[in-house]
Amino acid sequence: MDKRFKITLGIFAVIALVLLWGEHKVHLLGALPWLILLACPFIHMFMHGGHGNHGGHNHHERPAGKSGDQRDD
């Protein structure tokens with residue numbers, strides 16, 4: 001693709017987005033609270049994805065009398 005075609009395509013895309021925003025702004029903004037609520041489970045899954053299955057967290061259970069030892073994190 002040459003440069004003029006990309007610029008023309010970009011201009012048409014911007015015009016289309018402006019027209020769509022002007023016509024459907026009320027619908028999009030009305031759905032925003034529901035979209036935020038629907039995003040919560042996905043955010044929870046992706047933000048806590050590195051925890052694994054939560055198994056093997058034994059560093060919280062220390063034997064009595066060894067409170068000064070370093071933790072193995």
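These values consider heavy atoms only, across backbone and side chains, with no hydrogens, waters or symmetry-generated copies.
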Parallel, tilted or perpendicular: rings of Phe46 and Phe42 (30°, 60°): parallel
ILVMFWY cluster membership beyond Leu32 - transitive side-chain contacts under 4.5 angstrom: Ile36
Which residues share a side-chain contact (heavy atoms from CB on, under 4.5 Å) with Ile11, sequence neighbours left out: Ile7, Ile15
Spacing of Leu20 atom CG and His27 atom NE2 [to the nearest 0.5 Å]: 11.5 Å
Residues that, via side-chain heavy atoms closer than 4.5 angstrom, fall in one hydrophobic cluster with Trp21: Leu28, Leu29
